[in-house]
Amino acid sequence: MSGARRGGGLLVAGTTSDAGKSVVTAGICRWLARSGVKVAPFKAQNMSLNSFVTREGAEIGRAQAMQAQAARVEPTALMNPVLLKPGGDQSSQVVLLGRPVGEMSARGFFGTPGPPGAVAADGSPSPARALYGGGRERLLGVVTDCLEQLRGSYDAVICEGAGSPAEINLRRTDIVNMGIARAARFPVVVVGDIDRGGVFASFFGTTALLSPQDQSLIAGYLVNKFRGDVSLLEPGLEMLRGLTGRATYGVLPFRHGLGIDEEDGLRVSLRGAVRESVVAPPVGEDVLRVAVCAVPLMSNFTDVDALAAEPGVVVRFVDRAEELADADLVVVPGTRGTVRALGWLRERGLAGALARRAAEGRPVLGICGGFQVLGEHIEDEVESRAGAVDGLGLLPVRVRFAREKTLARPVGSALGEPVEGYEIHHGVAEVLGGEPFLDGCRVGSVWGTHWHGSLESDGFRRAFLREVAAAAGRRFVPAADTSFGVLREEQLDLLGDLIEEHADTAALLRLIEDGPAAGLPFLPPGAP
């Protein structure tokens, strides 16, 4: 960087959730990394069921791990110091600096009056309650310390906000949007999704609702997902500048197939969602159809992305038993609520459909919580506190939930191929039979493992798909040259291209180096 100060930075906020903050943050990281800038991503507080395990054994949001890859650096807990993993609409597990510290209710988290907000796995007051009970300043101190450590090691830190900075009911406790921007004196660029409509009103309203102090950090805007002729948008951008005194730093076009890791496992709409490869036709005569059971509190559903990247593999999420009928492979994915998912499978008739598949020798794969539900017995006094529960009995496995969470990056082999993965689970599996399969087992055409990410190992994925095709009677041939790692790098480069080709990179670089501009106009609510 040409600026004199090390540890410059920028906060990417959004007018709404899913406005494109993760994409823009990753794109800026990749553009800077390609420009020779040593850059790191940061998100003070993330709510997501998609997580990742760093090399030091810390759990962080998977979106931040993806952004670290975009920045070409190793992800660490510093990049996502607070991770909230929802257990329902009213509570979340709190992961602090990569380690779980307890369960927190929404009231307890936001410091509102009510019953005690956080408990440890055994029901006693947890460190999470003590931390959040100490008030916003204590938690803000934790996240700003992590940010300062990153700033001391990197030329630039690109922060991602959460939701919208204009959630004024939460401003008092905010540590991820204007709270961290104010603490770090970082300029803020607000991203808006024009594909949803109302982007000008969203930019104006977001700015107008902020206090004068917060407004002074809003540098300008970035339009995301635009379709059409940019010249038609320019009059509106000029009017927006006249109304707010702030520039628009770019108009990013709509792009299909970016395929970056999803962040929020509760909000993603699964019904009818389809992921399929668009890069090449099938190599063999047939395609493979993969159905993923959309269990409640589904976590790390990105496990199936590597399948969807294979030419000729079609992946869809399903929630009805009849949707399994034409599937060549059914995946029961991870979940933050194993016992709840088990009940859901039974209520919807999916449990019976899975049992019929197993009896017919048709392939089923269970991953993490999905592996646990396929077993014979579950003893859970930690996650659901349901006690003893019968599993589906498709694998000779008994599971006991431990209070300590397993966080690991295992390496091994299966089907004659090397495999890498990562583990995030409280359930400890006792495998009582079957053929060994990673840390789990296989019985006939039913496989189970705790290893997330194993299908990203190219040789193993191809060997697994050959077994699935044989069991399903399909003339499917995995592509010999498909590399999931290469495809991911290509996607990250596409994000970098979006920024480099469609954003004012010179102006963004000045923001990162110089900080907020002095004298930005305040925009009082109700301004014309």
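- Looking at S483, its side chain does come within 3.5 Å of a backbone N or O of V486 through a donor-acceptor pair.
- Nearest heavy atom pair, residue V443 against residue L394, reads CB-O, 4.3 Å.
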- Item | Audit row: E435, C441, side-chain contact (heavy atoms from CB on, under 4.5 Å) steps and yes/no | CA-CA 5 Å; E435 178 184 343; C441 64; over 6 Å; no
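- At a threshold of 4.5 Å between non-hydrogen side-chain atoms, the residues V331 and I367 count as touching.
- I28 contributes atom CD1, which lies 5.5 Å from atom CD1 of I158 (distance to the nearest 0.5 angstrom).
- Among residues at least two apart or in separate chains, there is no ring-ring contact (aromatic ring centres under 6.0 Å, His included) pair with a member in residues 373-421.
- We find that R30 and D493 are joined by a salt bridge, their nearest charged nitrogen and carboxylate oxygen being less than 4.0 Å apart.
- Residues Q149 and D145 form a side-chain contact, since some pair of their non-hydrogen atoms from C-beta on lies under 4.5 Å apart.
- Atoms OG and CG, from S454 and D303 in turn, are 7.0 Å apart once rounded to the nearest 0.5 Å.
- The backbone N or O of V292 sits nowhere less than 3.5 Å from a side-chain atom of R316 that would complete a donor-acceptor pair.
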- Message: One pair to check against side-chain contact (heavy atoms from CB on, under 4.5 Å): V313 and V287. What are the steps and the verdict?
- Response: CA-CA 6 Å; V313 176; V287 300; over 6 Å; no
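- Proximity of a side-chain donor or acceptor of S92 to a complementary backbone N or O of V94 within less than 3.5 Å is not detected.
- Every ring pair (Phe, Tyr, Trp, His ring centres under 6.0 Å) that Y422 has, sequence neighbours left out, goes to F52, H452.
- L170 CG to N177 CG: the interatomic distance, rounded to the nearest 0.5 Å, is 9.5 Å.
- Atom CH2 of W451 is separated from atom CZ of R409 by 11.5 Å, given to the nearest 0.5 angstrom.
- V389 is not listed as a side-chain neighbour of D380, based on a closest heavy-atom distance of 4.5 Å or more.
- Pairs passing the salt bridge (Lys or Arg N to Asp or Glu O under 4.0 Å) check and including a residue from residues 73-82, sequence neighbours excluded, read R55-E74.
- Side-chain contact check for N50 versus F301: some heavy-atom pair is nearer than 4.5 Å.
- Distance CG/L324 to CZ/R356: 9.0 Å, rounded to 0.5 Å.
- The list of salt bridge (Lys or Arg N to Asp or Glu O under 4.0 Å) pairs with a residue in residues 441-460, not counting sequence neighbours, reads R62-E456, R442-E467, D458-R461.
- Using a 4.0 Å cut-off between a side-chain N of Lys or Arg and a carboxylate O of Asp or Glu, E347 and R340 do not qualify as a salt bridge.
- Taking the six-membered ring wherever Trp is involved, the centroid distance between the rings of F371 and W447 does not fall below 6.0 Å.
- Smallest separation of non-hydrogen atoms from F464 and L365: CZ-CD2, 3.9 Å.
- A salt bridge between E160 and K21 is absent, with no side-chain N of the basic residue lying under 4.0 Å from a carboxylate O of the acidic one.
- In this structure, I424 and E59 have side chains that are in contact, with non-hydrogen atoms separated by less than 4.5 Å.
- Using a distance-only test at 3.5 Å, with no hydrogens or angles considered, a donor-acceptor pair links the side chain of E323 to the main chain of D319.
- For the side chain to side chain contact (heavy atoms under 4.5 Å, CB included) test with N46, the passing option among L83, V95, L84, I60 is L83; the others fail.
- Nearest approach of V339 to A386, heavy atoms of both residues: CG1-CB, 4.0 Å.
- Distance alone, capped at 3.5 Å, places no donor-acceptor pair between the R400 side chain and the A429 backbone.
- Partner of Q372 under the side-chain hydrogen bond (donor to acceptor under 3.5 Å, both in side chains) criterion, out of H425, R398, H426, H450: H450 alone.
- Residues D497 and R34 have side chains in contact (heavy-atom distance under 4.5 Å, counting atoms from C-beta outward).
- The aromatic rings of F460 and F437 lie tilted to each other, with the angle between the two planes from 30° to 60°.
- Of the possible donor and acceptor atoms, none in the side chain of K85 sits under 3.5 Å from a partner among the backbone N and O of M47.
- Shown here for C29 and V39, the closest heavy-atom pair between the two residues is O-CG1, 3.6 Å.
- Between V332 and C293, the shortest heavy-atom contact is CG2-SG, 4.4 Å.
- Here the closest heavy-atom approach between residue P100 and residue K405 is recorded as CG-CB, 3.9 Å.
- Put simply, CG on L487 and CG on L492 are 11.0 Å apart, with the number rounded to the nearest 0.5 Å.
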- Using the side chain to side chain donor-acceptor pair (under 3.5 Å) rule, take E383 and Q93 through it: C-alpha gap first, then chi angles, then the decisive distance, then the call. CA-CA 10 Å; E383 188 176 76; Q93 183 181 64; over 6 Å; no
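- Of the candidates R289, R474, R362, D328 forms a side-chain hydrogen bond (donor to acceptor under 3.5 Å, both in side chains) with just one, namely R474.
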- Working for side-chain contact (heavy atoms from CB on, under 4.5 Å), residues V143 and I180: CA-CA 8 Å; V143 300; I180 193 68; 4.0 Å; yes
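- Side-chain N or O atoms of T54 include none that pairs as donor or acceptor with a backbone N or O of P75 at under 3.5 Å.
- Within the structure, salt bridge (Lys or Arg N to Asp or Glu O under 4.0 Å) pairs that include any residue of residues 330-339 comprise E103-R336 (at least two apart or interchain).
- Residues V397 and E376 are not in side-chain contact: their nearest non-hydrogen atoms beyond the backbone lie 4.5 Å or more apart.
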- Stepwise, does the side-chain contact (heavy atoms from CB on, under 4.5 Å) test hold for V399 with V428? CA-CA 5 Å; V399 176; V428 178; over 6 Å; no
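- Residue pairs meeting the salt bridge (Lys or Arg N to Asp or Glu O under 4.0 Å) criterion with at least one partner in residues 414-433, sequence neighbours excluded, do not occur; the list is empty.
- Side-chain contact between V191 and K225 is absent, with no heavy-atom pair separated by less than 4.5 Å.
- Side chain of S164 to main chain of T16: no donor-acceptor pair is present (N/O by atom type, distance under 3.5 Å, no hydrogens or angles).
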